[in-house]
Amino acid sequence: MAVPFHPPVKRSVEIAGHKTSISLEPVFWDMLRARASAEGVPINALVARIDAERLEAETPPGLAGAIRVWLVST
């Protein structure tokens with residue numbers, strides 16, 4: 001079994017036609033990929049949905065944090 005502790009990995013995603021970089025630990029990238037696959041949507045589409053939900057918060061968190069929280073709470 002691989003060690004779960006690893007520094008964040010930066011990857012580019014596109015949200016609403018704009019490219020942005022997100023830094024997540026590999027375990028979260030794996031979880032994000034699995035959820036997108038299970039829902040039959042591209043990672044970019046899932047990230048865009050999470051982004052839209054976070055922007056509705058009274059005090060929106062950063063995107064990477066919102067992705068982590070979304071993955072472990074849904």
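- Residues Val9 and Leu32 share a single hydrophobic cluster, defined by chaining ILVMFWY side chains whose heavy atoms lie under 4.5 Å apart.
- The OG1 atom of Thr20 lies 9.0 Å from the NZ atom of Lys10; values are rounded to the nearest 0.5 Å.
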Distance-only criterion, 3.5 Å: show the donor-acceptor pairs between side-chain atoms of residues 36-60 and protein atoms not counting sequence neighbours.
{"residue": "Glu39", "atom": "OE1", "partner": "Arg49", "partner atom": "NH1", "Å": "2.9"}
{"residue": "Glu39", "atom": "OE1", "partner": "Arg49", "partner atom": "NH2", "Å": "2.7"}
{"residue": "Glu39", "atom": "OE2", "partner": "Arg49", "partner atom": "NH2", "Å": "3.3"}
{"residue": "Asn44", "atom": "OD1", "partner": "Glu14", "partner atom": "N", "Å": "3.3"}
{"residue": "Asp51", "atom": "OD1", "partner": "Arg54", "partner atom": "NE", "Å": "2.7"}
{"residue": "Asp51", "atom": "OD1", "partner": "Arg54", "partner atom": "NH2", "Å": "3.0"}
{"residue": "Glu53", "atom": "OE1", "partner": "Trp70", "partner atom": "NE1", "Å": "3.4"}
{"residue": "Arg54", "atom": "NH1", "partner": "Pro61", "partner atom": "O", "Å": "2.6"}

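- Contact check for Phe28 versus Leu71: side-chain heavy atoms found under the 4.5 Å cut-off.
- Phe5 and Leu24 fall into different hydrophobic clusters, where Ile, Leu, Val, Met, Phe, Trp and Tyr residues are linked whenever their side-chain heavy atoms come under 4.5 Å apart, directly or through other members.
- Shown here are the side-chain hydrogen bond (donor to acceptor under 3.5 Å, both in side chains) partners of Thr74, two or more places apart in sequence or in another chain: Arg35.
- Looking at heavy atoms from C-beta onward, Trp29 lies in side-chain contact with Ile22 at the 4.5 angstrom threshold.
- When all heavy atoms of Ser23 and Ala64 are compared, the closest pair comes out as O-CB, 3.6 Å.
- In this structure Glu25 satisfies the side-chain hydrogen bond (donor to acceptor under 3.5 Å, both in side chains) test together with Arg68, sequence neighbours excluded.
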